[in-house]
Number of protein chains: 2
Amino acid sequence: MTAKGFSALPLHERIRQDIETRIISGTLRPGDRIPSELELMARYGCARMTVNKALSALATRGLLERRKRAGTFVARPRTVAMVLDVPDLGSAVTARGQVYAFRLLDRQISDTARDRQAAADLGDVGRVMRLTGLHLADGVAFALEERLINLALVPAIEPVDFSTEPPGTWLLRHIPWTEAENRIGALAASRAQAKVLGISPGDACLAIERRTWRGADSVTVVRQTFVAGSHELVARFGPAGGSPARISAAAAAMTSAIGTSSA
Amino acid sequence: MTAKGFSALPLHERIRQDIETRIISGTLRPGDRIPSELELMARYGCARMTVNKALSALATRGLLERRKRAGTFVARPRTVAMVLDVPDLGSAVTARGQVYAFRLLDRQISDTARDRQAAADLGDVGRVMRLTGLHLADGVAFALEERLINLALVPAIEPVDFSTEPPGTWLLRHIPWTEAENRIGALAASRAQAKVLGISPGDACLAIERRTWRGADSVTVVRQTFVAGSHELVARFGPAGGSPARISAAAAAMTSAIGTSSA
DNA sequence: GCTGTGATTATGTCTATACATATTCACCCG
DNA sequence: CGGGTGAATATGTATAGACATAATCACAGC
């Protein structure tokens, strides 16, 4: 693009966009070799470090592949790693203009020596806290949360009252973690789940299981069950700097060609 | 000085990891100001450009915020960004030791001038191809795929026979894209969806809608509907360089404390 | 013909320097 | 006392050169 007539952009950025444009437009095809840094440095009339900065950025983004001695090549797209935004539930609800609340349903202190399930989830860590609660938007339950917390690692949470702040937010603000894993799937609501969520048994739900570690120790394991349609996860891959405006314009749901979902 | 310790990683990478570790572990908290490039350059005993490379990388990743004259600050996290692996379905099935196959159910050529739904999904792009097909593992259907393809951008796909390669894989191998977005949710199977997937209407399904762009143009929009339990997405945040071995050991499912799901 | 080895080459990293740019801070003037 | 102005400061960009590293290519020797 570079709609700016002046050289508003730094040089390495213009070089990057120039090459990126050639890849996107198909002038450069996957597997093609692009000129060496020395050649590009002559072509753009700049130092090699400047060319290097542009090419390195494109390589980091996966558009180029660089091999020593061989040269720089347009990458062949393979499996893709996208960035998944995992928002705080309270913030997400508030951002939609609704009132968020968390209601604690149950709270128990257990021990991995007696509680085999907790031991399977957190490892043999000793005392654990088991929480069950509901996430509400405008007073309506949309997600059920079941959580295990390693009390040896987070003793300060034992006396906390979660009426003002849900446990996830409390942990996020108080306990740093070094690793986390989300598993995302779908399930049919059990009878008990359906009852507290106000839906029917067997109804579709989105299930997210999140585990966090601090170094080698498990901090918490949480399973959140969302009523279908109440929550959506968005993962992106694209130019640095966030989502283009186009995406929101194209957000109309794709209606099923098979199921003319009449309801 | 520049004591070349025999570390495998380059210096700017070690500096980056050092600072990143302090942020993630909480030693550096959101809003904290970190030392200036001049101070860090003295502390690490290197040139400013080396420190700059490390800090710029962290700023690009959103972990730091840099303001001229003011300094460099730990960014306040809005959402937690995790890395979501989006594997090729065929590879994923094969990796589990099953036989993968794709069966094309329907194929139509349409036009956004007449097909308002296609126009809503891809924009006013002219001719489009609409595909419907099934993904099979060991001969059993586990996912339904409904796809729209912008033929103006991908004319070469029009004569392709998808008996050997599903359309997603074909596109991945032939068409580079610059942006992609996944939306992940749950839904109840419609009557028609249930029929082709061999499940009952209303059964829980995991729904993934993926859009890809090349520059400003839509390439394809695809909606995949997975039978609940047949497919799981995994997103991670952790030390750079892949998944720790521990995760596979901790993969035991967390049984619901509420719903003693007897089936 | 095959293999190993060394020269060649392109990228990777790092340094030292210079100037540009944006903000903040302190000071001076009205 | 308030506001404008210039100096100080931290980052942003760019350069030129140096050495490191890895992969390839060509050639010599078996």
Side-chain angles (χ1 to χ4, degrees), chain A residues 2 4-20 23 28 30-76 239-241, chain B residues 1-20 23 28 31-76 240-241:
Chain A
T2 64
K4 304 279 170 105
F6 298 107
S7 59
L9 292 171
L11 181 53
H12 68 83
E13 185 72 10
R14 273 179 289 159
I15 297 175
R16 186 185 66 70
Q17 289 189 6
D18 184 22
I19 296 171
E20 183 176 336
I23 296 174
L28 291 169
D32 282 359
R33 183 177 182 280
I34 76 172
S36 74
E37 293 188 350
L38 241 66
E39 291 175 88
L40 290 172
M41 155 184 166
R43 175 174 312 180
Y44 290 105
C46 65
R48 190 167 78 94
M49 280 297 293
T50 307
V51 172
N52 183 289
K53 192 166 187 175
L55 297 188
S56 296
L58 289 172
T60 300
R61 290 224 245 138
L63 279 153
L64 292 178
E65 186 189 345
R66 315 196 75 189
R67 295 203 312 277
K68 294 187 181 177
R69 169 68 218 243
T72 303
F73 302 84
V74 179
R76 303 178 185 279
Chain B
M1 293 303 220
T2 67
K4 293 266 174 105
F6 20 83
S7 90
L9 293 173
L11 181 53
H12 69 82
E13 184 71 10
R14 271 180 291 159
I15 297 175
R16 186 186 64 70
Q17 288 190 7
D18 183 22
I19 296 171
E20 181 176 336
I23 295 173
L28 291 170
D32 282 359
R33 184 176 182 280
I34 76 172
S36 74
E37 294 188 348
L38 242 67
E39 291 175 272
L40 290 172
M41 155 185 163
R43 176 173 311 179
Y44 290 104
C46 65
R48 190 166 80 93
M49 280 298 293
T50 307
V51 172
N52 184 289
K53 190 164 188 176
L55 297 188
S56 297
L58 289 172
T60 301
R61 292 225 245 137
L63 280 153
L64 291 179
E65 187 189 344
R66 315 196 73 190
R67 295 203 312 276
K68 295 182 182 180
R69 169 68 222 238
T72 303
F73 302 84
V74 179
R76 302 180 185 281

Cut-off 3.5 Å, no hydrogens considered: what does the side-chain donor-acceptor table look like for residues 46-53 of chain B, sequence neighbours left out?
residue: B/Arg48; atom: NH1; partner: B/Glu37; partner atom: OE1; Å: 2.5
residue: B/Asn52; atom: OD1; partner: B/Ser56; partner atom: OG; Å: 3.0
residue: B/Asn52; atom: ND2; partner: B/Glu37; partner atom: OE2; Å: 3.0

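No N or O donor and acceptor, one from the side chain of A/Arg33 and one from the base of C/dT11, sit under 3.5 Å apart.
With C/dA18, C/dC14, D/dA14 as the candidates, the nucleotide lying closest to the side chain of B/Arg48 is C/dA18. With D/dT15, D/dA10, D/dG12 as the choices, the nucleotide that has an atom nearest any side-chain atom of B/Ser36 turns out to be D/dA10.
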Derivation of the side chain to side chain contact (heavy atoms under 4.5 Å, CB included) call for B/Ile19 and B/Leu55 | CA-CA 9 Å; B/Ile19 296 171; B/Leu55 297 188; 3.6 Å; yes

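Whole-Å rounding puts the A/Leu58 CG to C/dT11 C1' distance at 15 Å. As a whole-Å value, the separation of A/Asn52 CG from D/dA16 P is 15 Å. Computed from coordinates, the B/Arg14 CZ to C/dT13 P distance equals 12 Å when rounded to whole Å. Between the CG atom of B/Leu55 and the C1' atom of D/dT13 there is a distance of 15 Å, rounded to whole Å. Between the C1' atom of C/dT21 and the CZ atom of B/Arg66 lies a distance of 14 Å, rounded to the nearest Å. Here the C1' atom of nucleotide D/dA10 and the CE atom of B/Met49 are 15 Å apart, to the nearest Å. Distance A/Met41 CE to D/dA14 P: 15 Å, rounded to the nearest Å. C/dT21 atom C1' lies 17 Å from atom CD of A/Glu13, rounded to whole Å.
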Please tabulate, one pair per line, each protein N/O and nucleotide N/O from nucleotides 23-27 of chain C that are separated by under 3.5 Å, including the distance.
residue: C/dT24; atom: O2; partner: B/Arg69; partner atom: NH1; Å: 2.9

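The side chain to side chain contact (heavy atoms under 4.5 Å, CB included) with A/Thr72 is formed by just one residue from the set A/Ile34, A/Leu58, A/Leu40; it is A/Ile34.
When atom types are taken as modelled, the side chain of A/Gln17 and the backbone of A/Arg14 share no donor-acceptor pair closer than 3.5 angstrom.
Not counting sequence neighbours, A/Arg33 has no partner by the salt bridge (Lys or Arg N to Asp or Glu O under 4.0 Å) test.
For the residue pair B/Arg43 and B/Pro35, the shortest heavy atom distance occurs at NH2-CG, 3.9 Å.
Between A/Thr72 and B/Leu11, the residue anchored closer to the 5' end of DNA chain C is A/Thr72, taking for each the nucleotide with the nearest heavy atom.
To the nearest 0.5 angstrom, B/Leu11 atom CG is 4.0 Å from B/Ile15 atom CD1.
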